[in-house]
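To find a chain, count down the sequence lines: A is the first, B the second, and so on, and within it residues start at 1.
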Number of protein chains: 2
Amino acid sequence: MAREHQATLHDVARTAGVSQATASRVLNGSIRNVRQENVDRVLAAAAELNYAPHLSAQAIARGSTNTVALVVSGVDDPYFASIAGGVTQAAEAAGLIVTMAVADRSPERELQIVRTLRGMRPRAIILTGSRIDGTDTRHALVEELDAYREAGGSVVLISQHDLPFRTVSIDNYGGARQLARALVGLGYRRFAMVRAGAGLRTSRDRCKGFVEGLSEFGIDIDERFVVEAEFSRRGGCAAARELVQRGLDGTELVFAVNDVMAIGVMTAFRDAGLVPGQDVAVAGFDDIGPAVDVDPALTSVTVPLRQVGVRAMQLALSDDDASRIVPVSTNVVLRGSTPGR
Amino acid sequence: MAREHQATLHDVARTAGVSQATASRVLNGSIRNVRQENVDRVLAAAAELNYAPHLSAQAIARGSTNTVALVVSGVDDPYFASIAGGVTQAAEAAGLIVTMAVADRSPERELQIVRTLRGMRPRAIILTGSRIDGTDTRHALVEELDAYREAGGSVVLISQHDLPFRTVSIDNYGGARQLARALVGLGYRRFAMVRAGAGLRTSRDRCKGFVEGLSEFGIDIDERFVVEAEFSRRGGCAAARELVQRGLDGTELVFAVNDVMAIGVMTAFRDAGLVPGQDVAVAGFDDIGPAVDVDPALTSVTVPLRQVGVRAMQLALSDDDASRIVPVSTNVVLRGSTPGR
DNA sequence: CGAGGCCGGGAAAACGCATTCCGCTGCGGG
DNA sequence: CCCGCAGCGGAATGCGTTTTCCCGGCCTCG
């Protein structure tokens, strides 16, 4: 029993007393028929030896893998976790195995990852949360992805619709704009904004939408009340502290470009002795799970993250080029963190 | 440029004017030396052709992959997300690629996944959050893992120390026991408990620790105040509703076996008009990020989830069998959700 | 000046599997 | 009775690497 090697197809064939070809035919449901007797013997042998086909060997023999690569910028973030959940769900439904890599918010790392991943010859590479805009690795990344696609792979981006690849496009702009309108509707007039670095497309779009939504009503946000921070809970905290230090100065509501930041903002406010929703309203974006668990519940913009993941996977697998961009719409949801005034 | 195939080592060798063997030697830093001139030519050719070695082919030729498999029971859960983060971090540090599969809380699915994963010949399989206890798939799973290990793979479990594999063992029992003591110290006497199904080892251990911690003080929990629910936020909500329906009846504190459930409990209480921490205290376990974002902040037991992931990976890679079990200690942290009485 | 050792290069085998092609058997029809 | 054909098993080939083995040239030492 203590053979150091896993059973190979050869072994199975030998103990079944048939040829490799026959064994292969029965084990992977080839088109050709095999006599029932042999089928049984092979199956029995496979079971006895606990045979599991060597996926790499299959990949090399068939010329294609059943692997999908997913690149996220951080797993801890519920945003990516949800998307990853959707992707794996759809992948497993399609019989694919997903390998995940974490870029950790670094464009260089992302490039390196894609390079490695390409060697794996995955059926698709799904990229989410990349922040390549304006970096000098951007060109290299695009080139790499292009080469990959040229070779028959399929590339799917999430919310990077200005790159020449298929993308699932979350309506960040529209959602933020709607949010701005809704908040003005509630009576808010003086806003602050917490955003991420300029390299992050998602953040940019949301800011733009929000600002333009406000400007419909002739409202604008003073430069002083726009603070840039890390795209994370910690970043949100830091930003909120920065804001109270600068002096809130009549600010009625702070909009953070995503929920994890918004939640960070809320707790930082609370730590500073301010009651969120009462002393200062807070709104976020994404409507991640925990948004309803904080008190008051966080006003946000729902984006069906899991759906996004599923769509991305489907988009990756579809071969018609007609729908290069799959739009995903978003929905404002008002909660206790932004009471009417 | 539009060749349908990726560049192969053969191509590189040809355009460099050397043999495949030489190309291989320079590209993977073999022990043997290659003349500098040839090194340069091969490197140039590789860069020009944008060559990426076919990992499957390498795997097959070398007889080993640089892949690690991670099985979690759900990505959306921050518990697993954090562990996954640690695992990928450590894996990438070791130059390994991690492929993740989601068992979705089903033992059968888990078994099937392990079976598939084995075909990938990963260096290690890391299993977390499995709930095989008492199921009939348990034996099959163990057998499968055994066969895998027999063949040279390494298996690491997280908090399943009664199975004959290496495991990172979180001190669930001790942490819960400490928590119980601390809470009694705060003046609490009447407890309710929200736990998950009996198949989940982690839940069992925590319950046991908590109950035994209480019994040190002659306190026990009435059967009526123990409710079993899904191991998720939703489950926590449901459990809390169940509790209020049964009648809290003087219950001072409800302990949920993990934070996501505890948070669910808190919001469900709030929805029912109860103020968490004031009308009824709540304590959880894990100290996941959001624990400090809810209001009042959640009393919990810190477990260094990311560390757990890192350790698991290291344990998987180490080849000395001395330390089959790596203990990870936990730490009670009291917060606003359990004010002193 | 010759033998042996060392260094670097290439041909080829091997890895585990899928698949194509070939040949055998057995059947039915002419 | 023979031919053709369908059906099925097996040998062989190929996939992209690594690695072993061999070979030629050069250097060194005797």
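With sequence neighbours left out, the side-chain contact (heavy atoms from CB on, under 4.5 Å) criterion links B:A140 to B:L111. Residues that satisfy the salt bridge (charged side-chain N to carboxylate O under 4.0 Å, His left out) test with A:E92, not counting sequence neighbours, are B:R109. Qualifying side-chain contact (heavy atoms from CB on, under 4.5 Å) partners for B:I170, counting only residues two or more places apart in sequence or in other chains: B:Y79, B:I158, B:S159, B:N172, B:V303, B:V308, B:T330. In this structure B:S82 satisfies the side-chain contact (heavy atoms from CB on, under 4.5 Å) test together with A:D76, B:L305, sequence neighbours excluded. Evaluation of the salt bridge (charged side-chain N to carboxylate O under 4.0 Å, His left out) rule for B:R41 yields B:E37 as partners, not counting sequence neighbours. The salt bridge (charged side-chain N to carboxylate O under 4.0 Å, His left out) search around A:R121 returns none, not counting sequence neighbours. In this view, A:R123 satisfies the salt bridge (charged side-chain N to carboxylate O under 4.0 Å, His left out) rule with no residue, not counting sequence neighbours. Here B:D40 pairs with B:Q36 under the side-chain contact (heavy atoms from CB on, under 4.5 Å) rule; sequence neighbours left out.
Residue B:N33 has a polar side-chain atom (N or O) positioned under 4.0 Å from OP1 or OP2 of C:dG8.
Summary for the helix from C:dC1-D:dG30 to C:dG30-D:dC1: the axes at its two ends, each from 5 pairs, differ by 60° when rounded to the nearest 10 degrees.
The interatomic distance linking B:M120 (CE) with C:dC17 (P) rounds to 15 Å, in whole Å. Atom pair B:R35:CZ and C:dG10:C1' shows a separation of 13 Å (rounding to whole Å applied).
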Expected list for residues 53-60 of chain B: side-chain donor-acceptor pairs under 3.5 angstrom, two or more places apart:
residue, atom, partner, partner atom, Å
B:H54, ND1, B:S56, N, 3.2
B:H54, ND1, B:A57, N, 3.3

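Taking 4.5 Å as the limit, some side-chain heavy atom of A:T8 sits within range of a side-chain heavy atom of A:D11.
DNA chain C is contacted by B:N38 of residues 37-46 of chain B, taking any non-hydrogen atom closer than 4.0 Å.
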List, with names and distances, any nitrogen or oxygen atoms from the protein found under 3.5 Å away from nitrogen or oxygen atoms belonging to nucleotides 11-18 of chain D.
residue, atom, partner, partner atom, Å
D:dC15, O2, A:I60, O, 3.4
D:dT17, OP1, B:Y51, OH, 3.0
D:dT17, OP1, B:H54, N, 3.1
D:dT17, OP2, B:T8, OG1, 3.4
D:dT17, OP2, B:L9, N, 2.5
D:dT17, O5', B:Y51, OH, 3.1
D:dT18, OP1, B:N28, ND2, 3.1
D:dT18, OP1, B:Q58, OE1, 2.9
D:dT18, OP2, B:S24, OG, 2.5

